[in-house]
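What follows is one structure encoded as structure tokens, with my remarks underneath.
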Amino acid sequence: QLQLVESGGGLVQPGGSLRLSCAASGFTLDDMKIGWFRQAPGKEREGVSCLSSSGGSANYADSVKGRFTISRDNAKNTVYLQMNSLKPEDTAIYYCAAVPRITSMCVLNAVRYGYWGQGTQVTVSS
């Protein structure tokens with residue numbers, strides 16, 4: 001019954017913005033750490049951002065710091081990834097993932113996350 005559903009992907013020009021959504025069901029956000037990951041063709045899945053179970057702290061990959069922002073709406077049980085100043089190298093399938101809370105801090109390590117959404121395609125191209 002635990003599900004994660006991503007949406008909001010699409011085609012955007014370099015320098016543009018996009019907001020991804022991850023709708024969670026079957027659990028409350030306070031019980032999980034949520035992460036955003038991405039995978040481009042021929043490349044390994046990499047961590048983009050993650051949010052602590054409390055929602056009070058976040059981590060970002062160096063490549064997206066200052067451009068991406070992770071947030072959540074508890075009322076909607078949804079986590080967002082606001083992506084600004086997009087670059088062609090941001091092109092990938094973006095996934096949200098969850099791991100049961102053990103500590104409050106999150107990690108950008110895909111193998112630590114057991115629950116995954118289906119992914120949403122983000123393409124940055126002129």
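Count residues from 1 along the sequence.
Side-chain contact between L11 and S125: present, with at least one pair of heavy atoms (C-beta onward) separated by less than 4.5 Å. Considering only heavy atoms from C-beta on, L86 comes within 4.5 Å of L18 through its side chain.
Between D90 and K87 there is no salt bridge, since none of the side-chain N atoms of the basic residue sits less than 4.0 Å from a carboxylate O of the acidic one.
Using modelled atom types, one side-chain atom of S49 and one backbone atom of N59 make a donor-acceptor pair closer than 3.5 Å. The closest donor-acceptor contact from the side chain of E6 to the backbone of Q118 lies under 3.5 Å. At least one donor-acceptor pair under 3.5 Å links the side chain of N77 to the backbone N or O of A24. Judged by distance alone, the side chain of Y113 and the main-chain N or O of W36 form no donor-acceptor pair under 3.5 Å. At distances below 3.5 Å, not a single donor-acceptor pair connects side-chain atoms of T91 with backbone N or O atoms of E89.
Applying the 6.0 Å contact sphere to CD of E44 captures no more than 12 heavy atoms from other residues, nucleotides or ligands.
For the pair R38 and Y94, the cation-pi test (distance below 6.0 Å, angle within 45°) is failed.
Hydrophobic cluster membership is shared by L51 and L20, with clusters built from Ile, Leu, Val, Met, Phe, Trp and Tyr side chains linked at under 4.5 angstrom.
Residue pairs that meet the salt bridge (charged side-chain N to carboxylate O under 4.0 Å, His left out) test with at least one member in residues 22-33, sequence neighbours left out, are D30-R72.
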